[in-house]
Amino acid sequence: MRSTSPLKYDTRGAEDIYVSVERPKETNPVLYEIKKKKEDKKTKKHVIVLMVVLFMLGLTVAFRFASITQINYTNHELEKQYTELESQIKITKADLEGAMSISEISRIASEKLNMHKPLTYQITYINVNIEDQTEIADVVLTQTIDTRTWYEKLFDNIKLFFGIV
């Protein structure tokens, strides 16, 4: 009877010694080699798949990093444009306030438009009587006030719903 245990009992000495014994290889060496090649192919496929997955993960991380870098660059450029536009707005407001000053308006009127202040004999005063000219329009009321109680309104609405006059 053959033992299936990988350890074999050695009875040569007085001490009990167990010796490791390899299981016998397949009876047919050709079948054993074919089986070994299949297992090797399977292992190679697993390694290749694992390497492809790791490579794809690496590419994903690199792509995300590149995207974040691009977004940060765009953000920086937009902030730069924003600060430039803000400074232009401040300059334009200052120019507008300067252009709206009384002295500037007076200068433009006298130099460009050839205007001057009127002399005393050129000024004429006119008395205007202030009258109240408010007119009241005729107001027509188009809305009537309903004096019915809430339950009368409810009964009327129920009658209208069921078609009872």
Between [atom1] of [X] and [atom2] of [Y], what distance do you get to the nearest 0.5 Å?
X      : Y      : atom1 : atom2 : result
Asp40  : Glu33  : CG    : CD    : 9.5 Å
Thr60  : Phe55  : OG1   : CZ    : 10.0 Å
Lys44  : Lys37  : NZ    : NZ    : 10.0 Å
Ser106 : Glu111 : OG    : CD    : 9.0 Å

- Message: Under the criterion side-chain contact (heavy atoms from CB on, under 4.5 Å), I'd like the reasoning laid out for Asp156 against Leu160: C-alpha separation, chi angles, the key distance, then a yes or no.
- Response: CA-CA 6 Å; Asp156 289 342; Leu160 283 174; 5.5 Å; no

- Query: Would you say Lys153 has more than 12 foreign heavy atoms packed within less than 6.0 Å of its NZ?
  - Reply: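 Buried by this count: over 12 neighbours within 6.0 Å.
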
- Message: Is it the case that over 12 heavy atoms from other parts of the model lie below 6.0 angstrom from the CD1 atom of Ile123?
- Response: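 Buried by this count: over 12 neighbours within 6.0 Å.
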
- Given the options Glu79, Glu84, Glu86, Lys80, Tyr82 meets side-chain hydrogen bond (donor to acceptor under 3.5 Å, both in side chains) only with Glu86

- Keeping the roles fixed (side chain from Glu104, backbone from Ser101), state whether a donor-acceptor pair exists under 3.5 Å.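 Between the backbone of Ser101 and the side chain of Glu104 there is no qualifying donor-acceptor contact (under 3.5 Å).
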
- How would you list, by chain and number, every residue that makes a salt bridge (charged side-chain N to carboxylate O under 4.0 Å, His left out) with Arg64, sequence neighbours excluded? none

- Query: Charged N to carboxylate O under 4.0 angstrom, Glu39 versus Lys36?
  - Reply: no

- Other hydrophobic cluster members with Leu113, side-chain heavy atoms of Ile/Leu/Val/Met/Phe/Trp/Tyr under 4.5 Å, chained? Met115

